[in-house]
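Side-chain atoms are counted along with the backbone in the values below, which use heavy atoms only and exclude waters and symmetry mates.
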Amino acid sequence: MRRAAVAVATAAMAVSLAACGSAEEADGGKSESAGASAKGDNIKVGLLLPENKTARYEKFDKPLFEAKIKELTNNKAEVLYNNARQDANLQSQQVDTMITNKVDVLVVDAVDAKAIKNSVQKAKDQGIPVVAYDRLAEGPISAYTSFDNEEVGRTQGEALLKALGGKAEDSQIVMMNGSITDPNAKQFKDGAHSVLDGKVKIGKEFDTKEWSPDNANANMEAAISALGKGKIAGVYSANDGMAGGIITALKAAGIDDIPVTGQDAELAGVQRIITGEQYMSVYKSYPQEAAVAAEMAVALAKGEDLGSIAKDKVSSDSAKDVPSVLVPVVSLTQENINDTVIKDGIYTAAEICTDKYKSACDKLGIK
């Protein structure tokens with residue numbers, strides 16, 4: 001990961017931490033290892049990410065998290081990493097391996113938020129605190145960081161309505177939501193519905209298995225067949241990967257002039273925004289999210305309180321008042337590419353504006 005992104009993570013955290021108030025942890029203000037001797041920097045941190053089809057996890061989350069852990073521990077901490085490749089059973093086995101390897105803290109982005117519950121309990125039973133990362137895992141988690149997921153959906157819905165303009169009320173859209181095993185997907189959907197319902201007709205709606213672009217492509221083909229290609233004014237897509245599959249289906253049907261939303265600011269998504277194939281994405285500051293997770297992990301591993309880090313609290317079906325940090329999001333369109341992903345060091349203009357996209361970049365002043 002380039003130095004610029006890590007620098008952004010550090011700067012963002014400095015601002016975030018300065019603004020954070022104190023908050024006690026769910027167990028009454030004591031960390032998971034409270035009562036034990038405070039650990040030094042020689043800690044062992046486990047990181048489990050859910051899949052590798054979405055570009056963000058390997059390109060951003062993993063290297064940013066590792067870099068921040070090293071920074072916080074004077075390069076003394078060891079980070080153990082696994083990717084579950086969208087397999088909940090494999091992720092459960094990976095948790096067992098982390099417990100066997102006696103990590104001091106475990107950071108988990110769950111493939112299936114409910115299925116991970118027993119594994120989180122196993123870790124707690126062994127005195128290992130668990131930070132739920134990006135998705136609110138069930139079980140006795142000690143901390144949680146993510147984005148305001150309903151706000152993500154609202155941001156997408158508002159952008160789609162803006163793109164439709166005055167014809168929204170008479171328009172029909174397709175909604176392509178994420179996987180039902182991901183609690184974030186429901187929150188994205190709820191946020192989008194809160195904006196779209198009553199403002200536009202939803203002709204077809206899908207919960208897309210495994211967030212798969214291929215499944216989104218097949219769903220979109222089915223929607224076009226059912227509704228008719230001239231009857232679809234826009235598509236709500238919950239992320240950029242699915243947007244790619246959706247746009248492929250639209251092009252195959254001869255539809256190339258309707259707005260499609262997205263999320264994650266993937267490079268391919270940003271490039272589609274530049275050419276107008278995709279209307280928008282939601283830019284989420286992965287440097288800030290990863291930095292917060294690292295701050296939480298180090299504090300918990302050392303038996304320290306999270307009051308200086310977490311300003312919010314969230315609850316799940318199995319954990320109440322969990323210390324949390326929710327990172328804000330930004331609607332990414334043609335107008336603010338320079339001021340978001342380029343300014344924050346996520347991509348360089350050269351990475352975005354390859355030969356295929358140079359002309360479009362020049363028109364937008366992307367540099």
Side-chain angles (χ1 to χ4, degrees), residues 16 20-36 45-50 61 65 84 88-89 91-96 98-99 103-152 178-191 289-327:
S16 176
C20 286
S22 65
E24 293 182 344
E25 291 191 57
D27 60 0
K30 294 182 179 180
S31 70
E32 204 75 25
S33 53
V45 180
L47 174 64
L48 298 179
L49 296 181
D61 298 83
F65 178 83
N89 290 327
Q91 190 167 65
S92 177
Q93 295 168 18
Q94 291 171 344
V95 173
D96 289 342
M98 292 290 182
I99 293 172
V103 295
D104 296 298
V105 63
L106 183 58
V107 178
V108 179
D109 190 340
V111 173
D112 186 322
K114 294 187 181 297
I116 200 72
K117 181 178 180 179
N118 289 339
S119 294
V120 174
Q121 184 66 58
K122 281 184 185 179
K124 180 179 175 64
D125 291 345
Q126 295 300 314
I128 301 171
V130 176
V131 177
Y133 181 68
D134 205 57
R135 297 171 182 172
L136 185 57
E138 293 289 337
I141 59 173
S142 297
Y144 169 61
T145 184
S146 185
F147 300 91
D148 186 334
N149 296 316
E150 288 199 12
E151 181 62 23
V152 170
S179 172
I180 59 172
T181 63
D182 180 353
N184 290 3
K186 182 181 184 304
Q187 294 177 324
F188 301 146
K189 179 165 64 172
D190 289 347
E289 185 190 27
V292 169
E295 291 271 359
M296 288 175 161
V298 170
L300 288 168
K302 293 182 176 183
E304 298 172 355
D305 184 81
L306 294 180
S308 64
I309 302 170
K311 63 180 179 179
D312 298 312
K313 289 185 180 180
V314 301
S315 297
S316 68
D317 291 340
S318 53
K320 305 300 179 185
D321 296 329
V322 178
S324 307
V325 175
L326 300 179
V327 180

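Interatomic distance, S308 OG to E295 CD, rounded to the nearest 0.5 Å: 7.5 Å. Atom OG of S146 and atom CG of L136 lie 8.5 Å apart (nearest 0.5 Å). To the nearest 0.5 Å, atom CG of residue D321 and atom NZ of residue K313 are 5.0 Å apart. The CD atom of Q94 lies 10.0 Å from the CG atom of L106; values are rounded to the nearest 0.5 Å. One distance of note links CD1 of I180 with NZ of K189; it measures 8.5 Å at 0.5 Å rounding. Here the CG-CD distance, from D96 to Q126, works out to 10.0 Å after rounding to the nearest 0.5 Å.
Side-chain contact annotation: D61 with Y133, donor-acceptor N/O pair under 3.5 Å present. No hydrogens or angles considered: nothing links the side chains of T145 and E289 as a donor-acceptor pair under 3.5 Å.
Panel note: side chain S324, backbone V322; a donor-acceptor pair is recorded below 3.5 Å. A donor-acceptor pair under 3.5 Å is formed between the side chain of Q91 and the backbone N or O of D109. Looking only at distances, no side-chain donor or acceptor of S315 sits under 3.5 Å from a matching main-chain atom of K320.
When all heavy atoms of L306 and S142 are compared, the closest pair comes out as CD1-O, 3.9 Å. Listed here is the closest heavy atom pair of A297 and V107: CB-CG2, 3.9 Å. Closest approach of N149 and N184 over heavy atoms only: ND2-OD1, 3.1 Å. Taking both residues in full, the closest heavy atoms of M98 and G46 are given as SD-CA, 3.8 Å, listed atom of the first, atom of the second, then distance. When every heavy atom of I116 is checked against every heavy atom of A110, the shortest pair comes out as CG2-CB, 3.9 Å. Taking each heavy atom of E138 and K114 in turn, the nearest pair found is CG-CA, 3.9 Å.
Looking only at side-chain heavy atoms (C-beta outward), K124 and V130 stay at 4.5 Å or farther from each other. Two residues are said to be in side-chain contact when any heavy atoms from C-beta on lie closer than 4.5 Å; L48 and V95 meet this criterion. For the pair V120 and I141, the minimum side-chain heavy-atom distance is below 4.5 Å. Inter-residue side-chain proximity for F147 and D134 is flagged as met; some heavy-atom pair is nearer than 4.5 Å. Counting only heavy atoms from C-beta outward, the side chains of R135 and P50 approach each other to under 4.5 Å. Residues V108 and V131 have side chains not in contact (no heavy-atom distance under 4.5 Å, counting atoms from C-beta outward). V103 is listed as a side-chain neighbour of I128, based on a closest heavy-atom distance under 4.5 Å.
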Check step by step if side-chain hydrogen bond (donor to acceptor under 3.5 Å, both in side chains) holds for Q121 and D125. CA-CA 6 Å; Q121 184 66 58; D125 291 345; 2.9 Å; yes
Test side-chain contact (heavy atoms from CB on, under 4.5 Å) applied to D312 and Y144, step by step: CA-CA 9 Å; D312 298 312; Y144 169 61; over 6 Å; no
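Residues passing the side-chain hydrogen bond (donor to acceptor under 3.5 Å, both in side chains) test with D104 are K39, sequence neighbours excluded.
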